[in-house]
Structure formats: C-alpha cells, structure tokens
Amino acid sequence: MRFHFALTLQALWTGVCQAAMQHYPAAAWGHYDVCKSQVYSDEGLSWDYMACQPEAADMTQYLKVTLDPPNITCGDPPETYCALENPYMCNNECDATTEELAHPPGLMFDTEGRNPTTFWQSTSWKKYPKPLLVNITLSWNKTIELTEDIVLTFESGRPEQMVLEKSLDYGRTWQPYQFYATDCLDAFTMEPKTVQDLTQHTLLDIICTEDYSRGYVWKNDKTVRFEIKDRFALFAGPQLHNMASLYGQLDTTKKLRDFFTITDLRIRLLRPATGATMVDENNLSRYFYAISDIKVQGRCKCNLHANSCVYDKEKLSCECEHNTTGPDCGRCKRNFQGRAWSAGSYLPIPKGTANVCSLTKIGPVIRPNVSSLGVANRKEECNCNPYGSVNDRCNGTGFCICKEGTTGPKCQECLPGYLWDNGCKSRVCDNELLRCQNGGTCISNVHCNCPPGYTGLLCEKRRCESELGGCGGPDSGQAHLTPPSTSRLLLLLLLGSALLREAACRPAVL
Ligand SMILES: *[C@@H]1O[C@H](CO)[C@@H](O)[C@H](O)[C@H]1NC(C)=O
Ligand SMILES: *[C@@H]1O[C@H](CO)[C@@H](O)[C@H](O)[C@H]1NC(C)=O
Ligand SMILES: *[C@@H]1O[C@H](CO)[C@@H](O)[C@H](O)[C@H]1NC(C)=O
Ligand SMILES: *[C@@H]1O[C@H](CO)[C@@H](O)[C@H](O)[C@H]1NC(C)=O
Ligand SMILES: *[C@@H]1O[C@H](CO)[C@@H](O)[C@H](O)[C@H]1NC(C)=O
Ligand SMILES: *[C@@H]1O[C@H](CO)[C@@H](O)[C@H](O)[C@H]1NC(C)=O
Ligand SMILES: *[C@@H]1O[C@H](CO)[C@@H](O)[C@H](O)[C@H]1NC(C)=O
Ligand SMILES: [Ca+2]
C-alpha cells in the first residue's frame with residue numbers, strides 16, 4: 001500500500017492556521033507543500049528548492065499496537081461482565097473465539113460511527129486488590145509530529161488513574177506526557193492542573209489533570225484528551241501577528257519541536273473506574289477497561305526535505321528530496337556531502353529554505369606521508385569541511401581552520417548572519433529589509449533571481465549592452481534615478497560600498 005499526501009496543504013498546525021488566516025492571506029505565509037520548482041533565469045532553466053513537509057494524516061492507520069501483559073484482552077477464557085451502574089446486570093459476554101463477542105485491540109482503530117460501537121476490552125479486576133495494570137503501546141517505527149489532540153474514547157468508565165507517555169527513541173526511553181487521576185495529589189502527589197492553567201512559559205510542563213477522570217461519568221463524556229492544540233495556541237499566542245517569528249521559533253526551539261514529536265505512545269492504565277470509593281469485592285466483574293477509539297493525527301517528520309510519506313511493507317518512510325536520505329531525510333545521500341546536512345527551515349516565509357545537500361567536492365586524494373605519521377597533515381583524521389575550512393587539513397594540534405563566517409569543529413556550521421552555500425555566505429537577500437528589487441525573488445537568502453532585463457546583487461540594475469555606453473533607449477538616463485526610499489537607504493547602509501561600487505548602467509554624464 002502506498003499513499004501520497006495531497007499537494008494542497010494547510011500550514012504547520014491547523015489550529016494556528018485558522019487563527020492566523022484572520023490576519024494573513026494564505027499565500028503570504030507558507031504552505032511548504034512543494035519541494036522544488038523549475039525557474040527560468042539568466043542562466044536558463046534551473047531548479048528552485050524549497051522547504052517542504054507532508055500533509056497531516058490519521059496516524060492510527062500506520063501503527064503497531066502492543067499490549068502488556070500480552071494476555072490482558074478479555075475472552076480467553078470467556079467472561080461475563082456486570083454493568084458498573086448495576087451489579088445485577090451481568091449479561092455482557094466476552095469470548096475471544098466468537099467474532100461478535102470478541103474485543104481485540106484492533107477495534108480501537110477501526111472506523112467508528114456504526115452502531116453498536118466496536119471496542120477493545122481488558123479482563124476484569126479479578127485479582128483485586130492487586131492493581132489492574134495495562135500498557136497499550138502504539139509504535140510507528142518512524143518519527144512523527146503531532147498536529148491535533150490525542151483523543152481516547154472509553155467504552156467503560158474512564159480510568160481513575162492513567163498516564164500518557166511518549167518515546168522519541170523507538171521505545172528505549174519514555175517520558176510522561178500527562179497524568180490523569182480522580183485525585184492527582186493522592187495518585188501522583190501532583191497538584192491538579194488543567195491546560196488552561198498553563199502559560200506561554202509553562203506550556204511544555206507535564207501536568208496531572210482531573211478533567212478527564214473525575215466522578216463517575218459513565219454515560220456522558222467518555223473521552224480523555226491530550227491537548228496539543230491548546231498548547232500550540234499558547235505558544236503562538238500574542239505572536240500570531242508575526243508568522244515569521246512563529247516559524248523562526250519552531251526552527252530554533254528544539255525543545256518545542258521535540259515536545260510534539262514522537263516515535264511511540266504508551267497509555268498506562270493504572271486503576272479502572274469504580275464509580276465509588278469502595279470497590280465491591282463481590283462483583284469484581286464490574287471493573288475493567290474498554291476503549292472504543294484512539295485518535296492520533298500527525299505527519300511524518302521529514303526535516304522539511306519531503307512532501308510525501310509512503311507506507312510500504314508495514315513501514316512509513318519519507319520520500320526524501322534535496323539529495324537527502326534516511327527514514328526522516330536526516331542525512332545527505334552518498335556523494336552529496338559537500339556541506340554538512342541540515343534540516344530545512346521554515347524561514348523566510350512563505351517558502352522557507354531547503355538547505356539542499358550538495359555534491360561532495362572531489363579533490364586530489366592526499367596520501368599520508370609515511371615519514372610523518374603524526375596527525376598534523378592527515379586529512380582523514382580531521383575531515384574538515386572542504387568548503388568551510390581554509391584547507392582540508394587541520395592545524396598542528398588537530399583543529400580545522402575555519403573561513404570567515406564559519407564555525408564548528410569541522411567548520412561545517414555558519415555563524416549568525418551567515419548562510420550555508422558551499423561555505424558560509426553572508427546574507428544577501430531576504431523578504432524583509434534586503435528585498436530583491438524589480439520583481440526578483442530571493443533564493444535561499446544568497447542570491448536574487450532577477451527578471452529579464454535586470455541584474456545586480458539585488459536586481460537593482462538594468463541590464464545593458466555596454467558598461468561604457470550606458471543603457472540605450474527611452475528608459476535610460478535620469479529617469480531611473482528616483483530619490484532613494486527609506487528601504488533603499490537601509491539597503492545601502494547594510495550593504496555598504498559594495499553596492500555603490502557595483503552601481504552600473506548609469507549615464508556616462510553622471
Ligand atoms: C497471563 O499470563 C500470566 C503469565 O504469563 C499469568 O500469570 C496470568 O494469570 C495470565 N492472565 C490471564 C488473565 O490469563
Ligand atoms: C508498563 O510500562 C512501564 C514503563 O513505561 C513499565 O514500568 C511497566 O512494567 C510496564 N508494564 C505494565 C504491565 O505496567
Ligand atoms: C524499523 O525500521 C527500520 C528501518 O527504518 C527497520 O530496519 C526495522 O526492522 C524496523 N523495526 C521494526 C520493529 O519494524
Ligand atoms: C454481584 O453481586 C450481587 C449481590 O451482591 C450478587 O447477587 C451477584 O451474583 C453478583 N454477581 C456476580 C457476577 O458475582
Ligand atoms: C540531486 O542529485 C541529482 C543527481 O543524482 C541531481 O540531478 C539533482 O539535481 C540533485 N538535487 C538537488 C536538490 O540537489
Ligand atoms: C614527508 O614529510 C617529510 C617531512 O615531514 C618530508 O621531508 C618528505 O619529503 C615527505 N615525503 C613525501 C613523499 O612527501
Ligand atoms: C590549532 O588551533 C587551535 C584552536 O584554534 C589552537 O588552540 C592551537 O594553538 C592551534 N595549533 C597550532 C599549531 O596552530
Ligand atoms: Ca472502534
């Protein structure tokens with residue numbers, strides 16, 4: 001099976017998208033649905049590369065579910081259950097050998113909406129007072145980014161104690177996402193909180209909430225949520241007027257992105273609904289867990305290097321572009337290691353920066369000099385980035401010598417204000433102060449793609465046949481010398497004399 005995400009995309013998070021729409025036309029702030037497009041420029045046909053990501057989808061279709069203990073599903077041997085409300089109503093049967101009476105884990109992920117609902121159910125609490133513990137682990141074997149609330153719908157009463165946990169490393173380590181209890185202090189020695197108590201500074205706090213367990217709510221709300229959208233709205237908060245800053249923070253705040261990123265989820269059920277303070281030991285068949293539906297919406301994490309994700313042989317993987325590879329497009333392809341790999345960037349909006357992997361520089365192979373076995377001249381020992389370092393060997397003590405604007409142990413990273421383009425180049429253009437003029441477009445912040453007839457660093461010059469003769473035709477001469485606007489002045493200040501020196505196409509008389 002194979003699926004492609006549609007090319008019409010909402011922005012990063014639907015919640016923000018809707019809120020931001022009120023301020024911005026859709027086109028102004030990024031769809032990130034296209035990885036590359038063909039452009040015509042002075043040099044002919046070429047590719048323009050952009051940051052891109054897959055559309056969000058229902059992630060429950062691509063997971064593997066594991067129960068612990070493995071034999072915790074009801075029906076083997078068959079059991080009769082009583083209703084929680086009424087201990088005399090014991091006519092619910094679970095029998096794993098009969099399809100209509102079986103409640104296997106798959107029924108948490110089927111399409112709901114039919115009557116009666118389909119659900120997974122555990123064995124009952126026969127071993128009371130030993131706790132009835134169940135782990136439901138959902139594994140994607142792929143990094144995904146959550147875009148919507150996680151919603152569990154219980155067919156039984158909601159548990160009196162549970163923990164939602166996540167893993168970012170394929171199940172090796174786990175961190176709590178949220179604690180749920182009828183009494184948070186008693187169960188987890190945590191003050192009860194709700195997502196409304198969180199602020200922009202505490203939105204990544206792990207809380208215990210009593211919102212989804214309190215009381216014996218059998219018939220009313222059966223859902224337990226993990227509120228992704230509320231947290232994201234908090235994060236966006238007052239910055240919604242500035243999408244660039246929002247995306248910029250997503251780019252740079254690793255903690256924030258990691259918070260919404262998972263490879264696995266675990267629902268730890270610790271105590272079933274009892275509906276009372278006392279457990280009725282004569283009717284333990286009243287106590288069990290049953291879940292009819294689990295919703296997990298998200299997208300494959302592809303580091304902004306893919307706009308589609310495929311499900312093939314029970315495995316999700318990004319369809320990597322920009323000469324990247326790996327399940328999350330997390331490294332450069334072989335022979336494309338001319339610059340260090342880096343994730344795409346949401347900035348500048350609306351197209352972002354692709355940060356494509358470039359061809360590995362093919363240079364003469366330097367063989368170690370047998371008579372000087374020290375590390376000093378051995379290229380292999382240092383592995384300095386060929387574009388970022390002064391040369392590809394290191395200095396006497398094993399350090400790479402970095403070019404201007406470059407940093408990092410291998411000279412593979414850029415200092416602030418510089419962008420990688422076969423070495424670190426200072427920022428030439430952007431969509432704010434350093435706009436390309438006359439309809440030009442800024443490509444990866446390092447050069448302007450000029451429309452025909454214009455040239456120069458920022459397309460500020462009219463193309464002309466001869467530098468000496470000036471531009472002919474009616475458009476020439478003083479007509480171009482409009483008074484410098486504020487932004488023009490700023491440009492001159494920022495670029496300094498370089499731009500002035502390059503100012504061509506002016507009549508010889510000037
Ligand atoms: C599940 O298996 C364990 C040991 O493998 C056993 O102790 C336990 O009684 C079993 N539980 C049920 C409900 O069959
Ligand atoms: C469930 O997972 C937790 C850690 O996430 C582990 O300590 C526990 O042993 C697991 N199994 C059960 C039955 O709770
Ligand atoms: C997870 O994916 C990797 C490749 O990305 C594969 O080698 C491995 O077998 C998968 N593991 C499971 C449990 O499916
Ligand atoms: C539940 O309790 C009632 C009265 O306490 C008893 O009559 C009934 O048999 C019990 N049901 C089960 C399944 O034990
Ligand atoms: C990736 O490499 C191929 C050649 O293997 C080349 O044709 C293509 O343009 C490259 N793409 C990018 C984004 O650099
Ligand atoms: C090896 O290095 C030594 C000095 O470090 C130099 O004298 C010698 O000529 C070099 N040999 C070769 C083959 O480059
Ligand atoms: C090599 O570079 C490191 C770091 O810049 C410096 O501390 C060291 O003195 C340098 N060694 C030589 C021999 O230049
Ligand atoms: Ca179901």
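Both counts, for ligands and for their atoms, begin at 1 and track the order of listing.
No part of W47 comes within 4.0 Å of ligand 5, judged by heavy-atom distances. For D68, heavy-atom contacts with ligand 2 shorter than 4.0 Å involve the backbone as well as the side chain.
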Using the side chain to side chain contact (heavy atoms under 4.5 Å, CB included) rule, take L265 and W140 through it: C-alpha gap first, then chi angles, then the decisive distance, then the call. CA-CA 9 Å; L265 277 178; W140 283 270; 4.2 Å; yes
Intermediate values then yes/no, side chain to side chain contact (heavy atoms under 4.5 Å, CB included), V65 and T137: CA-CA 6 Å; V65 58; T137 305; over 6 Å; no
Criterion ring-ring contact (aromatic ring centres under 6.0 Å, His included) on Y287 and Y128, from CA distance to verdict: CA-CA 10 Å; Y287 313 117; Y128 176 86; 7.6 Å; no
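In this structure, E55 does not pair ionically with R299, as no charged nitrogen and carboxylate oxygen lie closer than 4.0 Å. One finds a salt bridge joining D293 and K295 here, because a Lys/Arg side-chain nitrogen approaches an Asp/Glu carboxylate oxygen to under 4.0 Å.
Of the protein's non-hydrogen atoms, the one nearest atom 2 (O) of ligand 2 is N135 ND2, 2.3 Å. R268 NH2, 4.3 Å is the protein heavy atom nearest to atom 7 (O) of ligand 2. Of the protein's non-hydrogen atoms, F336 CZ, 3.5 Å is the one closest to atom 5 (O) of ligand 5.
The shortest distance between side-chain heavy atoms of T325 and K333 falls below 4.5 Å. In this structure, the side chains of Y62 and I144 stay at 4.5 Å or more apart for every pair of heavy atoms.
H103 and F119 have parallel rings, their planes meeting at less than 30° on a 0 to 90° scale where 60° marks the start of perpendicular.
Between O of S292 and OG1 of T118, the angle at the Ca ion (ligand 8) works out to 150°, rounded to 10 degrees.
Numbered from 1 in the order shown, with element, the atoms of ligand 5 that lie under 4.0 Å from a heavy atom of H322 read 13 (C). Remark: ligand 2 atoms within the under-4.0 Å shell around heavy atoms of R266 are 2 (O), 3 (C), 4 (C), 5 (O).
The nearest N/O/S atom of D110 to the Ca ion (ligand 8) is OD1.
Between the choices L359, T324, N323, the shortest heavy-atom distance to atom 12 (C) of ligand 5 belongs to N323.
Here L107 meets the criterion, with an N, O or S atom under 3.0 Å of the Ca ion (ligand 8).
Distance check for atom 9 (O) of ligand 2: every protein heavy atom is found at 4.0 Å or beyond.
Heavy-atom contacts from other residues, nucleotides or ligands closer than 6.0 Å to CD of Q38 number more than 12.
Checking only distances, E165 does come within under 3.5 Å of ligand 2, N or O to N or O.
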